[in-house]
Amino acid sequence: MAMARPKSAGEFDAVELETALLEAWKSENAFQQSIESNRNGAPFIFLEGPPTANGKPGIHHVVARAYKDLVCRWKTMEGFKVERKGGWDTHGLPVEIEVQKRMDLMSNEAIEEFGMENFNQACRDSVWTYESAWREMTERMAYWVDLDNPYVTLENNYVESCWWAMKQMFDKGLLYRGYKVLPYCPQTGTSYSSHEVALGYKEVEEPSVYVKFKLIDDSASILAWTTTPWTLPGNVGLAVGPDVTYVRARITEQAENWVGQGGAAVGEEIILAKELMKEVLRHNVEIIEEMPGSALVGRSYEPLFPEAVPRGDSKTAWTVLEADWVTTTDGTGVVHTAVMYGEDDYNLGMAAGLPAYHTVGMDGAFLTGTHSELDGRYVKECDQTIIELLSAPGGSNGKGPESGLLYREKAYLHDYPHCWRTDHPLLYYAMDSWFVRMTAVKERLLEFNNEVEWAPDWVGEGRFGEWLRNVKDWAISRERYWGTPLPVWRDDEGNMKCIGSITELQQEVAKAVAAGIENPVCPDEVDLHRPIVDGFTLLSDNGKPMYREPFVMDCWFDSGCAPFAQWHHPFDGGEKFNASFPVDYICEGVDQTRGWFYTLLAVSTTVFDKPAYKRCLSLGLILDAEGKKMSKSRGNIVDPWDHFNREGADATRWYMVTAGAPWNPLKFDSNGVRETYAKMFLTLWNIYKFHADYAALDGFDPELSESKVESRPSLDRWILSRLATTAHNYHADFKVWNFHKACRDLEDFIVNDVSNWYVRRSRRRLWDDAETTDKLACQHTLHEILTTVCRLVAPVSPFMVDTMYRNLTGETVHQAAWPLGIPGSLEGATADAWDEEAAAATAVLPPQDMQLEATMALVRELAEVGRRIRVEAGRRQRLPCSQGWIVSGPDMEEFHDILAEELNVETIAVENDLDRFQQIELAPNFRALAPKARSEVNAVAGEIKNADDPSAMFAAIQAGTCEIRGVNIEENDVEIRRVEREGFAASTVMIGQGDDAQQISLVLDMNDTPALLSKGLARDITRRIQAKRKSLDLAIEATIDLEIWTQNAPEMFEQDREWIVTETRAAAAVFHSSSEAPSSNAETFEVDGTSVWFTVQ
RNA sequence: GCGCGGGUAGCUUAGUCGGUUAGAGCACCCGGCUGAUAACCGGGAGGUCGCAGGUUCAAGUCCUGCCUCGCGCACCA
């Protein structure tokens, strides 16, 4: 049995407390113990989204981890078995770039020269650069996750599971090889992800050209516009909008002031979108014909560079095609289509059967055979040549009009992506790529998404749903070095094999070797990375050598495999996997919508035909105090240690959770952490200290004494009811992900109800040296409040409450039961379903008494009202009033003494005669009045409000005889408001709402008597002496010698002198008469014209 | 351009079914109180509820348009 007798609390030092606890947790193995203690509980499966450890962790990582931890701890306290395996994302471009920068290997050639093996080794090492920083942050913030046995995406077992998954897709026909147009840098020989492209947008001015495409069997030309003249040799089609209106316009006269090259002859006919005619054409024209785009579809035109692209068997090459994405916002309403150099172009080309041939090599130069003046030249240097070729009489193909094929050139200013390493413009370039046919499983994706409980729901329905409804095939390959290699081998005829395991690889290698193909040995522990896997040559079914497709996989694929690859499924851990899929809970930033949230679902759908997760908490972005996104480049990342080392992890975590809804962007404000520390944690500590210090002093032991709740004073029953109500609301908010609301309300309860009312009102109860039942009641109450509050706070801020709970109960709060029940421990329960009633039966909360809560709310309200009255009447708080009256309202008899004390009133009485102090005013109740009075409502309301004699009107209303503007006014059409009669110090409060609304007034008697003046003075003197005691740092039980002189003072009664003596623990006291001069070392003060001197020794 | 989410006091924010005096906290000022903690209580000042229309007897709340910030998507031919 644990020691349950609290020790004195001591001063609060968050950092010291937290670091000491971290040590204790470590030596006790507290995290593992908290799981172990629930080993028979129902499982709640959490999946950690793996961070990459090659960047320093910032405060935004702390936020995500706080929410992960919060839910896991909460579920653990509910009795669920919540294992938390850590994970690391270790592959991918960010790692490569980091290494490239460090080693100055800024191109693929450089990497290959350096050696792929060496390079990948460098990546492998680089991955762990900040691992210890992550570990320290994770431990310090008390994110409980198993970092000693994490899954690591670069490990062979993990990669093997990814290979297995890939093979499942391959076997289902969901994996295919194709082209994808990607932003590509010929200098470095790499394509870029959209993230990198975003880094390199630059505003540039480039020549854009309007080109005439001469129709066959027609004198007219179709006009198209492009900002990339180098794509023109690759032109194989023109796209028009089927519903766009086009015109055929004839040039009627030469244009004046022509700038630049190009032009048109009088009589030439040009086709373009009607809407853009004015903007594009510099000549005067006459419109010959109008037609929709659909009328142009199928027309053939002369290729600009007939040599550049072979027709092949294409029937649609060099014809007009329709595309619904063609707009008339710029250009000519006709889009020049070069299949290999634009994404839309490529998709259109594939759909329409255009020939798909490159005119540009991987080095960025025109391929031989494009045009004699262009072959072998870097495309960006050819703009001028192309313009000249087009402008020549007859144009570049010699079949155009005499005026040439160029109509106009125009400098064009736009944002264009550039290589962020070499600064060269990127080329959109069609490249070999592998895809997962996500479009084939779109319906399943949508179904599974509907099954997910999203928080907030609009991310699931909106953002994520939108993404799925527009799902495209997943380009999964990257022509890089450091990643999970694509396990596909291919021969020169296009025969392919996808390898799903090491064993299979070994078998295939053996087969190849048997057929005479040389191969390195393939041991069981073969490293599944480049270049090792590239070294194996396999044998196709037709006996041809097969080489590995030289790609690695998108690293998002790796993390998408986490649910099974973390267990090395299907090779190991079958049970582990089967029992934990789909997972119950994931939680990451909203930026993972297209990232991890998607790839998890994409992989689980294609491989298992199941969803990957049941619940997903999508967190808002973390912004700095100015509302700017935190980023390395802005340098506005907050270092979590700034707060860990100042206010501590508890305050940091509590701040994060209470600052706003989890899914809303969080403006991280350092002052807010400070505020949380001072308000929430300091207050809670002081409540605890108050209890613990007296409990220690009195030897209080909750196990050895008893105090029945129903026989405790109403103040105790009130705070316990508030505790139960707060806990219920807290839990209800947790269930619907409203952690912010839950925690704000709990904080309010702690600060307002417990500290500012209960403890303040109870302070004197514990001062009593004797063992009274009242003191015991207070101690038990405080004990119950604190142990419950500790458990509620523990999932969010796990440190301080554990220290408190340990001292109060001898046990750790992290193995304590959730006060609202422990469903996870019930027979047959799962994370999704449990017996609510049986779970509730395990709850441990005091009884609720809503009536009592309402009454106390009123008492507190009246206490505030009383102070307001005093301020307004200019009567100081310490000068008592002889009498106070409460006018109407519920019975509060049992709280009259509290009120009397709060208000410093001798007696409180109830007065039912309203008219004695007050009169009424009437106010219209619009909700009731409006339907009856309709448009007259304002006029009627005005007459009610301004009634000369409201009492008389109300009497008429009650009698049913009050009619205004034809409307019969009934009682519920008006509200009665009370105002004070002239000459009374009173104030009125409204409680309740709607029909239950009630007004209660407080009236104070402001007349003085000698007795009151004496008492008031005594209180003032006492207060000054107490302050002096405090400033002298005297022990509470120390006694003093007291001397007091007064001048111009009211007579002080003997009983009040005695009161001063006992209150201030004076062993000896001398009250000098007013004729005696005060000692020169006496302190002095003045109150209401009375001067007082005193000495304390 | 499309979608999602915001815009309420100097700052952080609450505001339910539309109901007539928009509520807190921080900071500021005045006063009070304190063996009560970096506290507490009362009061003050501080708001065109992003802008403009509309619906309604009544709009922070509902509708339309616009401005603006954030995020995502698309485009940049």
Side-chain angles (χ1 to χ4, degrees), chain A residues 12 194 201 208 224-228 231 238-239 323 325-327 329-338 341-345 412 414-417 428 456 458-459 461-467 470 590-591 593-594 620-621 623 625 627-629 659-660 663-665 667 669 671-672 674-675 677-679 682-687 689-690 741 744 748 751-752 755-757 759-760 763 767 863-872 874 876-878 902 904 923-931 933-941 945 1023 1025-1027 1029-1030 1034-1036 1063-1065:
Chain A
F12 179 49
S194 56
Y201 269 95
S208 71
W225 179 65
T226 181
T227 56
T228 51
T231 60
L238 294 172
W325 41 262
V326 174
T327 62
T329 48
D330 45 23
T332 64
V334 181
V335 177
H336 137 66
T337 300
Y341 309 111
E343 202 178 336
D344 280 335
D345 303 46
Y412 182 68
H414 65 160
D415 286 326
Y416 192 85
Y428 284 89
W458 49 260
V459 166
E461 286 159 20
R463 182 173 291 204
F464 196 57
E466 197 59 32
W467 170 255
N470 298 319
V590 69
D591 49 334
T593 309
R594 265 74 174 182
L621 225 69
L623 312 172
K628 295 276 188 319
K629 188 177 174 171
W663 42 84
N664 281 341
K667 269 194 207 177
D669 179 10
N671 284 332
R674 186 101 194 134
E675 232 172 79
Y677 169 81
K679 190 130 199 144
L682 216 49
T683 305
L684 183 53
W685 181 262
N686 282 309
I687 295 167
K689 182 172 158 57
F690 173 70
K741 205 169 169 299
R744 283 173 182 178
D748 187 63
V751 172
N752 246 321
S755 179
N756 288 345
W757 192 254
V759 171
R760 186 160 68 88
R763 216 160 263 280
W767 291 353
E864 285 177 20
V865 164
R867 290 193 205 102
R868 195 183 312 145
I869 293 170
R870 276 179 174 274
V871 168
E872 280 164 12
R876 66 183 211 272
Q877 182 69 29
R878 275 181 296 261
E902 284 290 320
N904 197 13
N925 175 11
F926 282 86
R927 207 170 267 191
L929 207 51
R934 305 185 146 266
S935 59
E936 289 274 48
V937 69
N938 282 331
V940 175
K945 238 184 280 185
R1023 193 235 134 188
I1025 295 166
Q1026 302 290 37
R1029 281 185 66 118
K1030 198 177 182 181
L1034 294 182
I1036 289 173
E1063 279 295 302
T1064 62
R1065 287 184 182 252

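Any value given below was found using the heavy atoms of this structure, including those in side chains, with hydrogens, waters and symmetry copies removed. Quick note on labels: first sequence line is chain A, next is B, and so on, each numbered from 1. These numbers were taken from a predicted model, which means no experiment stands behind them.
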Taking the side chain as C-beta and beyond, is there a heavy-atom pair between [X] and [Y] under 4.5 Å?
| X | Y | value |
| --- | --- | --- |
| A:V590 | A:R463 | yes |
| A:P417 | A:Y428 | yes |
| A:Y677 | A:L682 | yes |
| A:V335 | A:L238 | no |

How far, in whole Å, is [M] from [N] if one measures between their [atom1] atoms?
| N | M | atom1 | answer |
| --- | --- | --- | --- |
| B:G54 | B:A45 | P | 33 Å |
| B:A9 | B:A27 | C1' | 12 Å |
| B:C75 | B:G1 | C1' | 8 Å |
| B:U61 | B:U8 | P | 14 Å |
| B:C49 | B:A22 | C1' | 8 Å |
| B:G47 | B:U55 | C1' | 25 Å |
| B:G42 | B:A52 | C1' | 42 Å |
| B:U64 | B:A77 | C1' | 34 Å |

Taking atom [atom2] of [N] as reference, at what distance in whole Å does atom [atom1] of [X] sit?
| X | N | atom1 | atom2 | answer |
| --- | --- | --- | --- | --- |
| A:N686 | B:A39 | CG | P | 11 Å |
| A:E343 | B:C76 | CD | P | 9 Å |
| A:R744 | B:A14 | CZ | C1' | 7 Å |
| A:L621 | B:G5 | CG | C1' | 12 Å |
| A:E466 | B:G1 | CD | P | 18 Å |
| A:L929 | B:U56 | CG | C1' | 16 Å |
| A:L623 | B:U12 | CG | C1' | 13 Å |
| A:N470 | B:C2 | CG | P | 15 Å |

Base, sugar-phosphate, or nothing for [X], non-hydrogen atoms under 4.0 angstrom?
| X | answer |
| --- | --- |
| A:T226 | sugar-phosphate |
| A:F12 | nothing |
| A:E675 | sugar-phosphate |
| A:R674 | base |
| A:T231 | nothing |
| A:L682 | base |

Any chance you could measure [X], atom [atom1], to [Y], atom [atom2], to the nearest 0.5 Å?
| X | Y | atom1 | atom2 | value |
| --- | --- | --- | --- | --- |
| A:H336 | A:T227 | NE2 | OG1 | 9.0 Å |
| A:T231 | A:D345 | OG1 | CG | 7.5 Å |
| A:R1023 | A:T1064 | CZ | OG1 | 14.5 Å |
| A:W757 | A:E902 | CH2 | CD | 4.0 Å |

I want to verify a distance call: between [options], whose nearest atom is closest to the [X] side chain?
| X | options | result |
| --- | --- | --- |
| A:H336 | B:C76, B:C73, B:A77 | B:A77 |
| A:R927 | B:C40, B:G19, B:U37 | B:G19 |
| A:N752 | B:C57, B:C41, B:A77 | B:C41 |
| A:S755 | B:C40, B:U37, B:A77 | B:U37 |

RNA chain B in dot-bracket form (Watson-Crick or G-U pairs under 3.5 Å, [ ] crossing, | inter-strand) is (((((((..((((.....[...)))).(((((.......))))).....(((((..]....))))))))))))....
Side-chain N or O of A:K679 closer than 4.0 Å to phosphate OP1/OP2 of B:A39: no
Nearest-nucleotide check on RNA chain B, A:W225 vs A:W467; residue mapping nearer the 5' end is A:W467
Taking the chi torsion of B:C29, is it syn (within 90° of 0) or anti (everything else)? anti
Check: B:C73 base within 3.5 Å donor-acceptor of A:R463 side chain: no
Just wondering, more than 12 heavy atoms not from A:K689 lying within 6.0 Å of its NZ? yes
